[in-house]
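Reminder, nothing fancy here: chain letters follow the sequence lines and each chain counts from 1.
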There are 2 protein chains.
Amino acid sequence: MDVHELKISCQKCRLSELCLPYGLESEELDRLEHIVQRPAPLRRGEVLYRAGGSFHAIYAVRSGALKIFSGSEDGHEQILGFYLPGELLGLDGMDKDLHKCTAVALETSSVCTLPFNQLSVLCEKIPGLQKRLFRLIGREIGVEHELLLMMGQKDAEERLAIFLVTLAARFKRRGYSQSEFRLPMSRHDLANYLGLTPETVSRLFGRFRKNGLIETNRSLVKLLDMSRLVTLCAGPEDAGRLAAVMN
Amino acid sequence: MDVHELKISCQKCRLSELCLPYGLESEELDRLEHIVQRPAPLRRGEVLYRAGGSFHAIYAVRSGALKIFSGSEDGHEQILGFYLPGELLGLDGMDKDLHKCTAVALETSSVCTLPFNQLSVLCEKIPGLQKRLFRLIGREIGVEHELLLMMGQKDAEERLAIFLVTLAARFKRRGYSQSEFRLPMSRHDLANYLGLTPETVSRLFGRFRKNGLIETNRSLVKLLDMSRLVTLCAGPEDAGRLAAVMN
DNA sequence: GGACATTGTTGATCCAGATCAGCAACCGTT
DNA sequence: AACGGTTGCTGATCTGGATCAACAATGTCC
């Protein structure tokens, strides 16, 4: 029980319009607030939930960043997503009440815990909440579809360009700079997520740097030419679809 | 309005335990039944919904098979999934009330249409239905995670083995032979789904045939050595995780 | 502040699967 | 049954990114 617990609430949370509470009435927010738990922050490398562990809650990121990954521990794991403040994770456990992937903090991170049974009950009583949850689930599925499209159709250069452009958009929506940010994940994790090797990612950063598209300094990235970067996302041809992502 | 409409019901549907109705009381089933629409069957190649079209329902496959795909029409499309009887599709539209991918029948197929607004309302009133829907959504996300793992970590041989083994399991659950079945999709679609080219898939079929793992005749496939096939799924090493899929 | 592990970069080589190309089997149509 | 059109098979070649290897930069722990 710390002071943070007392001060933080969905009502005041500046992420609420990205997160589950969006669109709820004040009274409804109160009821949601009532089931939210706010455990102590995770430090870099700490596990939020583990593959095979029982599923009892979904989580909203409040600060920091997390990754989820699945797969054999023998180094053949696959990173399935990175989660930023305002994003929901843990949905994969809904199937069998077991998590099928592991969630780990990439840096010091706070999450809000939404016990799933209570959340379900609340969804029955608050149609707006159910609707919002469905939307966020739909978004999650859509993001995964984009990722599959990338893995199946895009070459290495396109993948990194897409990653940078969509990450920039996500930072922008959260009120951060879209042109200058810190990558919360290692090169290794980034490469794994993109279905590439760290060496390839490193070379691509080098090429983008040489071509004046970006500047990098360790985990800091500065996007110098967003429009050219967007063009790269779809290969030489059509740059239409991705432009939409940028709003 | 045809005779089929009168005779078919969730109550009698032998797929109901795979599908949304599973676990519902008879009275609850009645209410679900009440919102289900059963449009005329789709013929091969016909579109169930189209990317960019408005989302107003999710669909349960009653017979046949469908594929969904996203991406630019310029031949860079990516097939995201194949759907068999008892499976739900259309969830990707929940985000923005717009479908982001296109669903097409691979062969003559019947679907049950579940208007989403009505389904949502019903979920508020029937907790068991909401719970079931969440489970099926969780399964969908889990399947996509498996697919991403495959795209990121598996080589061509492993991919085809995984595909055959999991497809066999899906047929088995539906009461069909798990060792002998017809592939509803073309080699082109299969290759695209697996992130490969038709040539590579064809060569793999050839190799599997030569090694006595399968027999093929056009779209007919016979699995001759399931255990060896399962072994191939995880590469030379651990065959543990995939074995679970087979039940 | 120095030793050592970890992470990232760069260069040289290799290979799984793509690409290109030709052909065979099957389709529905007249 | 002759036909173009589609789909699948197989062989030859090419290439993007993996792999192997060395090294540089950074961080961490005494």
(request) Check every atom of D:dT19, C:dT9, D:dT10 against the side chain of B:R209 and return the nucleotide holding the closest atom. (result) D:dT10

(request) Examine D:dC9: is either OP1 or OP2 under 4.0 Å from a nitrogen or oxygen in the side chain of B:R187? Give yes or no. (result) yes

(request) Starting from P on C:dT13, measure out to CZ on A:R203 and report it in whole angstrom. (result) 13 Å

(message) Expressed as a whole number of angstroms, how long is the span from A:L220:CG to C:dG8:P?
(response) 14 Å

(message) With nearest nucleotide decided by heavy atoms, which residue, B:T200 or B:R44, maps closer to the 5′ end of DNA chain D?
(response) B:R44

(request) Check every strand shown and say whether A:S186 touches a base, only sugar-phosphate, or nothing at a heavy-atom separation below 4.0 Å. (result) sugar-phosphate

(request) Find the distance A:M185:CE to C:dG8:C1' and express it as a whole number of Å. (result) 16 Å

(request) Using a 4.0 Å heavy-atom cut-off across all strands, classify B:R218 as base, sugar-phosphate, or nothing. (result) sugar-phosphate

(request) Write down the distance between CZ (A:F205) and C1' (C:dT7), rounded to a whole number of angstrom. (result) 14 Å

(message) Need one value for A:T197: base, sugar-phosphate or nothing, where a base atom within 4.0 Å counts as base even if backbone is also close, heavy atoms only.
(response) base

(request) Using only heavy-atom distances, determine whether the side chains of B:H145 and A:E144 contain a donor-acceptor pair under 3.5 Å. (result) yes

(request) Take atom CZ of A:R207 and atom P of D:dG16, then tell me their distance rounded to the nearest Å. (result) 10 Å

(message) Reading DNA chain D from 5' onward, which residue's closest nucleotide shows up sooner: A:E157 or A:N217?
(response) A:E157

(request) Using only heavy-atom distances, determine whether the side chains of B:T216 and B:R209 contain a donor-acceptor pair under 3.5 Å. (result) yes

(request) Could you state the atom-to-atom distance from CG of B:L204 to P of D:dG11 in whole Å? (result) 14 Å

(request) Could you work out which one of D:dT10, C:dT9, C:dG17 sits closest to the side chain of B:L196? (result) C:dG17

(request) Figure out the CG/C1' separation between B:N192 and C:dA18, and round it to whole Å. (result) 14 Å

(request) Indicate the ring-plane relationship of B:F82 and B:Y193, choosing parallel, tilted or perpendicular according to the 30° and 60° boundaries. (result) tilted

(request) Ignoring the backbone of B:E199, work out which of D:dG8, D:dT10, C:dA12 is nearest its side chain. (result) D:dT10

(message) Within 45 degrees of the ring normal and closer than 6.0 Å to the centroid, is that where the cationic atom of A:R187 sits relative to A:F205?
(response) yes

(request) Figure out the NZ/P separation between B:K210 and D:dT10, and round it to whole Å. (result) 11 Å

(message) Please verify the inter-ring angle class for A:F171 with A:Y176; under 30° counts as parallel, over 60° as perpendicular, anything in between as tilted.
(response) perpendicular

